[in-house]
Peer 1: 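Encoded as structure tokens, here's the structure I'll be asking about.
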Number of protein chains: 2
Amino acid sequence: MNLNKYNQIYQSLSSDIVEGKYETGDTLPSEHKLLKSFGVSRETVRKALNLLQENGYIQKMKGKGSVIIYNPSMNLTVSHLTSFKEVQEQQEKIYDTKVYSLEKRPAKDCPPVQEALDLDDEALVWELIRQRLYEDRTHIIDTDYFMYDMMPGLTEEIAGGSIYEYIEERLGHKISYSQKEITFSPMTELDIELFGPIQPPYTANVKSVVHLNDATPFQYNVSKHLASEFKFVDFSRRFTGE
Amino acid sequence: MNLNKYNQIYQSLSSDIVEGKYETGDTLPSEHKLLKSFGVSRETVRKALNLLQENGYIQKMKGKGSVIIYNPSMNLTVSHLTSFKEVQEQQEKIYDTKVYSLEKRPAKDCPPVQEALDLDDEALVWELIRQRLYEDRTHIIDTDYFMYDMMPGLTEEIAGGSIYEYIEERLGHKISYSQKEITFSPMTELDIELFGPIQPPYTANVKSVVHLNDATPFQYNVSKHLASEFKFVDFSRRFTGE
DNA sequence: CAGTGGTCTAGACCACCTC
DNA sequence: AGGTGGTCTAGACCACTGT
């Protein structure tokens, strides 16, 4: 994994930053020093630095250098596509996952799903509802739809663990990109059943359509959070170019 | 503006895609063809294609080509840092802006602002509250704090237009990146005064700290939306490398 | 096999910042 | 003037995809 050089350099520098070897406001060694110390060409170093910049670790400044702008309180940036399990590992909370239901259904029962996953009328989908519990209380309800044909062997046991791990490691697919939408809505009856009588009875909903490397949409996910506990953190840049 | 070649190529290709010269699922001409037709080197074409990929226009596939994945319903991606005015122009709604108040205040009256903008106890800030109206109803309340020293000449008139335009074009600063947080909260008294007695009395809040090119934080913004109308759209990629 | 994108190199010129 | 990052080039080799 991670065979290419610029990713190795990125990993190396980003962990230095996270571990505090550089303070916020410090500058990284210059590109010239880095290319010497890593024994690579300048463009290779620059690719690594661009990754650091895109992900909010540094700000490059012409004539000055690469300044560390990393802010530890920002490291729960949900913006980059990660599975629930990956997000969880960054934070300190450990949730239990409980599978509420796993059913095979006709795609055409749920038009938004059928459309988002680009399925014909005969296609089947898995419908998976999971609760994320912390100290015996449900904090998140995840509802997922997957193309049945892609993973006919899905079981409750797999669904209770990391589905992404299953898809990437067992099925050999590569997960690539997603479109997300965040909205707020009143709880449904099912929400109240699973969350309990929480006030206010609103949820924050993160809907995402996740695509594989070859651009096929394979997952339709709605993740409902208790609205009052919800926080989405993002880092974004205005333009990439001049 | 946009002197460099890869940005020109990016602009050219992205507008072709938006205008529908390519359908979703089509492939772009190969890198080889593009470098010949634009008369540039391959790395230059690739920088443009990487921008297209990062911004969700295409998905590059080894051995196949660059496939269009652009989805018109996705073009209101708020994720990339844009001013309210810029976002508004992408959508079709036209809001009126009304300045509710513009006051000079000591930074230390508001500790979160003082900390985020990295100000000392004597520093002053502008506090600006604006309503965004659509058909005579307030839909968004924007509360902003700016460093007073950076723009002592701020007026209600400027605040009623595009502050970003003022900062970038008149003051010559470059806006670079921001950290955002999305949360949900009950309305305050001021919210109810400005929004009116809306049900449910909750707002979706986008808090952002915006930084200039030289990494100085210059704006602290809280944008409150009616919870039931709020929608945040995002495009994100899992990894950039292998 | 030919065509595609992915990585990497060595070198060039430029714009910006600091001294 | 010397150091920094930003852009661009021409060429190389590799891995993947299709026929």
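Here the structure is a predicted model, which is why all the values come from computation and not from measurement. Every chain is numbered from 1 and lettered A, B, ... according to where its sequence line falls, protein lines coming before strand lines. Scope of the values below: all heavy atoms of this structure, side chains included, with no hydrogens, waters or symmetry mates.
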Peer 1: Please state how far atom NZ in A/Lys60 lies from atom P in C/dC17, giving the value in whole angstrom units.
Peer 2: 16 Å
Peer 1: Can you see which heavy atom on B/Ser208 is nearest to which on B/Lys180, and at what distance?
Peer 2: CB-CG, 3.7 Å
Peer 1: Answer yes if the side chains of A/Asp144 and A/Gln219 hold a donor-acceptor pair under 3.5 Å, and no otherwise.
Peer 2: yes
Peer 1: Which nucleotide wins on minimum distance to the side chain of A/Ser30, given the candidates D/dC8, D/dT4, C/dC8?
Peer 2: D/dT4
Peer 1: Out of C/dT7, C/dT4, C/dC17, which nucleotide sits closest to the side chain of B/Arg42?
Peer 2: C/dT7
Peer 1: If you find the nucleotide of DNA chain D closest to B/Lys64 and the one closest to A/Pro29, which residue's nucleotide is nearer the 5' end?
Peer 2: A/Pro29
Peer 1: Picking from C/dA15, D/dG18, C/dG5, which would you name as closest to the side chain of A/Lys62?
Peer 2: C/dA15
Peer 1: In whole Å, what is the span from the CG atom of B/Asn50 to the P atom of C/dG5?
Peer 2: 12 Å
Peer 1: Quick check: closest heavy atoms across B/Lys207 and B/Val222, and the distance to 0.1 Å?
Peer 2: CG-CG2, 3.9 Å
Peer 1: Atom CG of B/Asn7 to atom C1' of D/dG6: distance rounded to whole Å?
Peer 2: 12 Å
Peer 1: Specify whether A/Tyr177 and A/His211 have parallel, tilted or perpendicular ring planes, treating 30° as the upper limit for parallel and 60° as the lower limit for perpendicular.
Peer 2: parallel
Peer 1: Out of C/dT9, C/dT7, C/dG5, which has the shortest distance to the side chain of A/Ser41?
Peer 2: C/dT9
Peer 1: Give a yes/no answer on whether the side chain of A/Tyr6 brings an N or O atom under 4.0 Å of OP1 or OP2 in C/dC8.
Peer 2: no
Peer 1: Between A/Lys47 and A/Gly63, name the one whose nearest nucleotide on DNA chain C is closer to the 5' end.
Peer 2: A/Lys47
Peer 1: I need the CG-C1' distance between A/Asn213 and D/dT17, as an integer number of Å.
Peer 2: 14 Å
Peer 1: Over how many whole Å does the gap from A/Arg46 atom CZ to D/dC8 atom P extend?
Peer 2: 11 Å
Peer 1: Taking only the side-chain heavy atoms of B/Lys5 (C-beta and beyond), determine which of D/dT9, D/dT7, C/dT4 contains the nearest atom.
Peer 2: D/dT9
Peer 1: Rounded to whole Å, how long is the line connecting atom CG of B/Leu49 with atom P of D/dC8?
Peer 2: 14 Å
Peer 1: Specify the separation, in whole Å, of atom CD of B/Gln53 and atom P of C/dG5.
Peer 2: 12 Å
Peer 1: Round to a whole Å and report the spacing from NZ of B/Lys36 to P of D/dT9.
Peer 2: 16 Å
Peer 1: Check each of B/Phe235, B/Tyr22, B/Tyr70 against B/Tyr57 using the ring pair (Phe, Tyr, Trp, His ring centres under 6.0 Å) test, and report the only one that passes.
Peer 2: B/Tyr70
Peer 1: Which listed nucleotide (C/dA10, D/dG6, C/dC8) is nearest to the side chain of A/Glu43?
Peer 2: C/dA10
Peer 1: Check whether any side-chain N or O of B/Thr44 sits under 4.0 Å from OP1 or OP2 of D/dT7, and answer yes or no.
Peer 2: no
